[in-house]
Structures are given as structure tokens and as C-alpha cells.
Amino acid sequence: MARYLVVAHRTAKSPELAAKLKELLAQDPEARFVLLVPAVPPPGWVYEENEVRRRAEEEAAAAKRALEAQGIPVEEAKAGDISPLLAIEEELLAHPGAYQAIVLSTLPPGLSRWLRLDVHTQAERFGLPVIHVIAQAA
């Protein structure tokens, strides 16, 4: 049974992410997923950190319900740090050896801030396979 860390924000409820998770389930029917939604601040310079985190928690809960409604087992859905890389690092440090791969879902090139920040490549530094899904915002 593989356990995957699924990292997404605006694409957490996308059909493309759901299709990839279903594909992983087809390969391993015992696969389990933990959804991590980084607390991405709104555009601009001013934001309330607690409000951003609360919104990420709400998005994580809504995405968990949407994925489970499609038969995808989500063990847990949680908000993470504003930085997607720091959010991943904190989760991996909190649960050493718990994950077999990272599924990173981003918006397409040109729209994705995470792609501009090279998160998909930098996440490889954690020593796990990174499965990159390009999705439209849900």
C-alpha cells in the first residue's frame, strides 16, 4: 500500500488531479492519499495570515469531500505553510518515511505561480518521486 502526499491549492478539486489519483488507485487499490493545501495568500502585499490559513483549511476540507465523492480515499486534508516547499518539508519531517511519492498539482504554465517558482523541480530534493499534474482551476 502506497501513501501519497498530494499538494494542491486552486487545482485541488480539478478533474485532472482526480484522474491521476484514480490512475494511481488502479495500479494500487490500497493506495491512500493525504491532501496538503498550502495557505496561498491573495494577490497583493497585505493579508491576514490567520484568514489565509482558514481559507486553506476550508479548501482542503471541500477538496477532500469532492475527491471522496469520486471514490478516492483521502486519509486527511490539511492546510500547510504559505510556501508550498516549506509546507511539503514540514509534512515530511512530521511523518518521516510515511510517503512513497508526492503528487503536485499546478495550474498550466503561464498561470501557475508554483511553476514560475520551480516548485515541481525543487520538490525532488526531498528524495521522493514527484508526480506533476497540470490542471485547470476547479
Side-chain angles (χ1 to χ4, degrees):
M1 171 183 84
R3 191 167 185 229
Y4 295 88
L5 178 59
V6 180
V7 185
H9 187 261
R10 290 177 53 194
T11 61
K13 294 181 280 194
S14 70
E16 296 88 350
L17 178 58
K20 176 53 78 176
L21 299 182
K22 287 178 184 177
E23 180 184 316
L24 293 169
L25 271 174
Q27 296 168 10
D28 177 6
E30 298 297 314
R32 295 294 175 260
F33 305 98
V34 172
L35 178 61
L36 178 62
V37 177
V40 177
W45 292 97
V46 179
Y47 62 89
E48 166 56 43
E49 189 171 339
N50 290 334
E51 176 65 16
V52 172
R53 184 152 190 101
R54 184 189 63 73
R55 287 184 183 179
E57 288 168 352
E58 288 173 358
E59 179 63 27
K64 181 180 191 293
R65 287 189 301 274
L67 292 169
E68 288 176 334
Q70 298 178 64
I72 299 167
V74 179
E75 285 184 347
E76 187 177 3
K78 58 179 96 175
D81 191 85
I82 288 171
S83 161
L85 288 168
L86 186 53
I88 293 167
E89 183 176 28
E90 288 175 345
E91 179 64 18
L92 295 176
L93 287 173
H95 305 283
Y99 298 103
Q100 285 66 53
I102 299 167
V103 178
L104 180 71
S105 180
T106 68
L107 290 169
L111 296 177
S112 174
R113 185 176 69 86
W114 290 5
L115 287 180
R116 285 191 301 277
L117 295 172
D118 199 32
V119 172
H120 60 299
T121 303
Q122 290 189 46
E124 294 173 355
R125 74 178 183 216
F126 300 117
L128 294 173
V130 176
I131 301 164
H132 182 204
V133 176
I134 295 177
Q136 302 302 313

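Note on residues 110-119: pairs passing side-chain hydrogen bond (donor to acceptor under 3.5 Å, both in side chains), not counting sequence neighbours, are Asp118-Thr121. Sorted by first and then second residue, the pairs that involve residues 6-33 and meet ring-ring contact (aromatic ring centres under 6.0 Å, His included), not counting sequence neighbours, are Tyr4-Phe33.
Looking at Glu59 and Arg55, no side-chain N of the basic residue comes within less than 4.0 Å of a carboxylate O on the acidic one, giving no salt bridge. Ion pairing between a basic and an acidic side chain is recognised when a charged N comes within 4.0 Å of a carboxylate O; Arg3 and Glu75 show such pairing.
Side-chain contact between Gln70 and Lys22 is present, with at least one heavy-atom pair separated by less than 4.5 Å. Residues Leu85 and Glu89 form no side-chain contact, since every pair of their non-hydrogen atoms from C-beta on lies 4.5 Å or further apart. In this structure, the side chains of Val103 and Leu17 come closer than 4.5 Å at one or more pairs of heavy atoms. Using a 4.5 Å cut-off on side-chain heavy atoms (C-beta onward), Pro38 and Val7 make contact. Two residues are said to be in side-chain contact when any heavy atoms from C-beta on lie closer than 4.5 Å; Thr11 and Gln136 fail this criterion. Annotation: side chain of Pro73 is not in contact with side chain of Leu67 (no heavy-atom distance under 4.5 Å). Taking the side chain as every heavy atom from C-beta outward, Val133 and Leu104 never approach each other to under 4.5 Å.
When every heavy atom of Ala79 is checked against every heavy atom of Glu57, the shortest pair comes out as CB-CG, 3.5 Å. Minimum interatomic distance between Ile82 and Ala39 (heavy atoms only, all atoms of both residues): CG1-O, 3.0 Å. Annotation for Ala101 and Leu128: closest pair CA-CB, 4.2 Å, computed over non-hydrogen atoms. Nearest heavy atoms, Ala123 versus Ile102: O-CD1, 4.3 Å. Leu25 and Ala31 make their closest contact through CD2-O, 3.7 Å (heavy atoms, listed as atom of the first residue, atom of the second, distance). A pairwise comparison of heavy atoms in Asp28 and Ala2 identifies OD2-N, 2.9 Å as the closest pair.
The hydrophobic cluster containing Met1, built from Ile/Leu/Val/Met/Phe/Trp/Tyr side-chain heavy atoms closer than 4.5 Å, comprises no other residue. Hydrophobic side-chain contacts under 4.5 Å tie Leu115 to no other Ile, Leu, Val, Met, Phe, Trp or Tyr residue.
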Exercise for the section: Give the intermediate values and the outcome of salt bridge (charged side-chain N to carboxylate O under 4.0 Å, His left out) for residues Lys64 and Glu76. Expected result: CA-CA 8 Å; Lys64 181 180 191 293; Glu76 187 177 3; over 6 Å; no

Exercise for the section: Determine, step by step, whether Lys20 and Glu16 satisfy the salt bridge (charged side-chain N to carboxylate O under 4.0 Å, His left out) criterion, reporting the C-alpha distance in whole Å, the side-chain angles of both residues, the deciding distance to 0.1 Å, and the verdict. Expected result: CA-CA 6 Å; Lys20 176 53 78 176; Glu16 296 88 350; over 6 Å; no

Exercise for the section: Carefully, step by step, assess Arg54 and Glu51 under the rule salt bridge (charged side-chain N to carboxylate O under 4.0 Å, His left out). Expected result: CA-CA 5 Å; Arg54 184 189 63 73; Glu51 176 65 16; 2.4 Å; yes

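With Gln122 contributing its side chain and Leu117 its backbone, the two residues share a donor-acceptor pair below 3.5 Å. With Arg10 contributing its side chain and Leu107 its backbone, the two residues share no donor-acceptor pair below 3.5 Å. For the pair Asp81 (side chain) and Leu86 (backbone), a donor-acceptor distance under 3.5 Å is absent.
Not a single ring-ring contact (aromatic ring centres under 6.0 Å, His included) links His95 to another residue, sequence neighbours left out. With sequence neighbours excluded, the residues forming a side chain to side chain contact (heavy atoms under 4.5 Å, CB included) with Ala61 are Arg65, listed by chain and number.
The distance from the CG atom of Leu92 to the CG atom of Leu5 is 6.0 Å, given to the nearest 0.5 Å. Going from atom CD1 of Ile72 over to atom CG of Leu21 covers 5.0 Å, rounded to the nearest 0.5 Å.
Under the 4.5 Å side-chain heavy-atom criterion for grouping Ile, Leu, Val, Met, Phe, Trp and Tyr, Val74 is connected to Val6 within one hydrophobic cluster. Cluster annotation: Val52 and Val37 are assigned to distinct hydrophobic clusters (Ile/Leu/Val/Met/Phe/Trp/Tyr, side-chain heavy-atom contacts under 4.5 Å, transitive). Hydrophobic clustering of Ile, Leu, Val, Met, Phe, Trp and Tyr side chains at less than 4.5 Å, counting indirect connections, keeps Ile88 apart from Ile131.
In this model, no donor atom of one side chain and acceptor atom of the other lie less than 3.5 Å apart for His120 and Thr106.
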